[in-house]
Protein chains: 2
Amino acid sequence: MPTDKNIELTISDGHASAPPKAAKKILDVAYDLFYRRGIRAIGVDEIVKRAGVTKPSLYRSFPSKDELAASYLRQYDREYWERFDEAVAAHPGDPRAQIKAFLTRIGKRTQVADYRGCGMTNAAVEYPDHSHPARVVSEANKQELRRRLRAMAAAMGAQDPDTLGDGLLLLIEGAYISGQLFGLGGPAQAVARNADLLIEASLKK
Amino acid sequence: MPTDKNIELTISDGHASAPPKAAKKILDVAYDLFYRRGIRAIGVDEIVKRAGVTKPSLYRSFPSKDELAASYLRQYDREYWERFDEAVAAHPGDPRAQIKAFLTRIGKRTQVADYRGCGMTNAAVEYPDHSHPARVVSEANKQELRRRLRAMAAAMGAQDPDTLGDGLLLLIEGAYISGQLFGLGGPAQAVARNADLLIEASLKK
DNA sequence: TGACAATGTTACCGATCGGTACGTATACAT
DNA sequence: ATGTATACGTACCGATCGGTAACATTGTCA
């Protein structure tokens, strides 16, 4: 029989069984620390200390640190597509404007001190092993991103949609990374402009 | 008085004082392990074991693990610009062809299983702290890359050289990252094609 | 009131972390 | 042969790593 561990903190649906509060505090703190300072850099002791809980509480809700990291990324994944869908919803039927809105937003986010890039990308760098629980989540997120970008490139009427979709993905990943590498004034602020140039050059004439 | 520690393994210049052989073996092994599996993931014990030396030998040549990591990146830096300069030298006076050659090479390198991206980029992800010795080397490398790309974009006759240079940098970083994220058949194989499209769209007409 | 589930408390585990005190082997010059 | 310096090895350090056993406390709902 499967245990109750590693549940995905079911959103409160009315008066259903409320999820343990400790698990939420732990995940919130882990999210913040893992993202800002890296998964490997943070020990479970620091997480429970900052969350005001104790270590057994952590291991009652999460089977391991690796699985806690995976849960952090699943949360990240949900918020990621929320932001993505916001940009899409802002420009119905206009994929080029959708991309531009998403990229403009990314470009802005990168222009803060101590920007830390994409949690998914960072986790993949930290865990080269493809079977690591955190990396599994990360790779799935990136596959989905690639799928969407290629589809949008096709909807824009690109000559070679797969190439343009991949090009946009490269620009996006480049923005995430160079955002944290260069800080303020870095190349990431030019991501939307370059994407637009690339799109313009890739459309059927 | 400064100690002899953390010397940069002076290339044997005739019969000058040869550096300790242990230091070279240690750096070679550390290079391989740090790059393939990450700096935080590798302990000094594993390094000395694989190098066939002992821990005190490591700490006689390097003041700390962090400084060993920095030495690894300095070595990486030298080899990086060697590859870059090869692409430049292959097409004298033709910056667009130089970029294309460099990017084609990167695209090819990413298309192997277990590709691990750029050691500089990875180190910066592992160490968000700007004062970390490894990160200092990494940031300097990226600043220099940006400088060169912008200069080449200007030499190509771009309308906005800084924007094109930064766009190329984004594509390159995207290739490093997506190369390790997607493995074979990933978006990184399209980096040279997209760069060429972007360049074409950025030239003065 | 009783029962159950969630959380806390305390103390501990073996393994590994980065780093070092200190003795030993080798080579070379005198 | 003996001194001297340099390179290397054995053994160890305290701290931290991820993870657990056993038990006490709390809150909630029946």
Undergrad: What is the separation between atom CG on B/Leu58 and atom P on C/dG18, rounded to the nearest whole Å?
TA: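 Roughly 10 Å, once rounded to whole Å.
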Undergrad: Please report the distance, rounded to the nearest Å, between CD1 in A/Ile26 and P in D/dG19.
TA: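 Taking atom P of D/dG19 as the reference, CD1 of A/Ile26 is at 13 Å.
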Undergrad: Which whole-number value in Å describes the distance from B/Phe62 CZ to D/dA7 C1'?
TA: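 Rounded to whole Å, this separation is 15 Å.
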Undergrad: Listed by chain and number, what are the side chain to side chain donor-acceptor pair (under 3.5 Å) partners of A/Asp129, not counting sequence neighbours?
TA: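 Per chain and number, A/Asp129 pairs via side chain to side chain donor-acceptor pair (under 3.5 Å) with A/Ser131.
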Undergrad: Can you name the residues that form a side chain to side chain donor-acceptor pair (under 3.5 Å) with A/Gln111, not counting sequence neighbours?
TA: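 If we apply the side chain to side chain donor-acceptor pair (under 3.5 Å) test to A/Gln111, skipping adjacent residues, there are no hits.
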Undergrad: Output the residues of residues 127-134 of chain A in contact with DNA chain D, where contact means a heavy atom of the residue under 4.0 Å from an atom of the strand; sort by number or write none.
TA: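 Within this stretch, nothing sits under 4.0 Å of the strand.
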Undergrad: Tell me, please, which residues at least two apart from A/His130 pass side chain to side chain donor-acceptor pair (under 3.5 Å).
TA: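 Only A/Glu139 meet the side chain to side chain donor-acceptor pair (under 3.5 Å) criterion with A/His130.
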Undergrad: So if I take every side-chain heavy atom of A/Lys65 and compare against D/dG18, C/dG19, C/dG8, which nucleotide ends up nearest?
TA: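 My answer, after comparing the listed nucleotides, is D/dG18.
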Undergrad: Residues two or more places apart in sequence or in another chain: which of them pass side chain to side chain donor-acceptor pair (under 3.5 Å) with A/Asp160?
TA: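 If we apply the side chain to side chain donor-acceptor pair (under 3.5 Å) test to A/Asp160, skipping adjacent residues, the hits are A/Thr163.
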Undergrad: Give the rounded distance in Å between these two atoms: NZ of A/Lys24 and P of C/dA6.
TA: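 Between P of C/dA6 and NZ of A/Lys24: 18 Å.
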Undergrad: Rounded to whole angstrom units, what separation is found between the OH atom of B/Tyr59 and the C1' atom of D/dT10?
TA: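 About 17 Å, once rounded to whole Å.
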Undergrad: Does this structure show an ion pair linking A/Asp94 with A/Lys100, if we count only N-O contacts that are shorter than 4.0 Å?
TA: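 So A/Asp94 does not pair with A/Lys100 through a salt bridge.
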Undergrad: Mind running a 4.0 Å heavy-atom check of residues 42-55 of chain B against DNA chain C and sending the residues that fall below it, in number order?
TA: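 Within residues 42-55 of chain B, the residues near DNA chain C are B/Ile42, B/Gly43, B/Val44, B/Asp45, B/Lys55.
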Undergrad: Can you run down the side chain to side chain donor-acceptor pair (under 3.5 Å) pairs that involve residues 30-45 of chain B, sequence neighbours left out, and say none if there aren't any?
TA: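 Counting only pairs at least two positions apart or across chains, the side chain to side chain donor-acceptor pair (under 3.5 Å) contacts touching residues 30-45 of chain B are B/Tyr31-B/Glu79, B/Asp32-B/Arg36, B/Arg37-B/Glu46, B/Asp45-B/Lys55.
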Undergrad: Has the side chain of B/Arg60 got a donor or acceptor atom sitting under 3.5 Å from an opposite partner on the base of C/dG19?
TA: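 No, no donor-acceptor pair under 3.5 Å.
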Undergrad: Would you call A/Glu86 and A/Arg105 a salt bridge, taking side-chain N to carboxylate O under 4.0 Å as the test?
TA: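 Yes.
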Undergrad: Distance check needed: C/dA6 P versus A/Lys25 NZ, whole Å only.
TA: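 Going from NZ in A/Lys25 over to P in C/dA6 covers 15 Å.
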Undergrad: Among residues at least two apart in sequence or on other chains, which ones pass ring-ring contact (aromatic ring centres under 6.0 Å, His included) with B/Phe84?
TA: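 By the ring-ring contact (aromatic ring centres under 6.0 Å, His included) rule, B/Phe84 matches B/Trp81, B/Phe102.
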Undergrad: What is the distance, rounded to the nearest whole Å, between atom CG of A/Leu68 and atom C1' of D/dC17?
TA: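 Atom-to-atom, A/Leu68 to D/dC17, this comes out as 15 Å.
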Undergrad: Work out how much the helix from C/dT1-D/dA30 to C/dT30-D/dA1 bends between its end axes, five pairs an end, to the nearest 10 degrees.
TA: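 Between the first-five-pair axis and the last-five-pair axis there is 10°.
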Undergrad: Go through the structure and list residues passing side chain to side chain contact (heavy atoms under 4.5 Å, CB included) with B/Pro133, not counting sequence neighbours.
TA: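 Partners of B/Pro133 under the side chain to side chain contact (heavy atoms under 4.5 Å, CB included) test: B/Asp66, B/Glu67, B/Ala70.
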Undergrad: With B/Lys142, which residues qualify under side chain to side chain contact (heavy atoms under 4.5 Å, CB included), at least two apart?
TA: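 B/Lys142: side chain to side chain contact (heavy atoms under 4.5 Å, CB included) contacts with A/Leu181, A/Phe182, B/Cys118, B/Met120, B/Thr121, B/Glu173, B/Tyr176.
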Undergrad: Can you name the residues that form a salt bridge (Lys or Arg N to Asp or Glu O under 4.0 Å) with A/Asp28, not counting sequence neighbours?
TA: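 Result, salt bridge (Lys or Arg N to Asp or Glu O under 4.0 Å) vs A/Asp28: A/Lys24.
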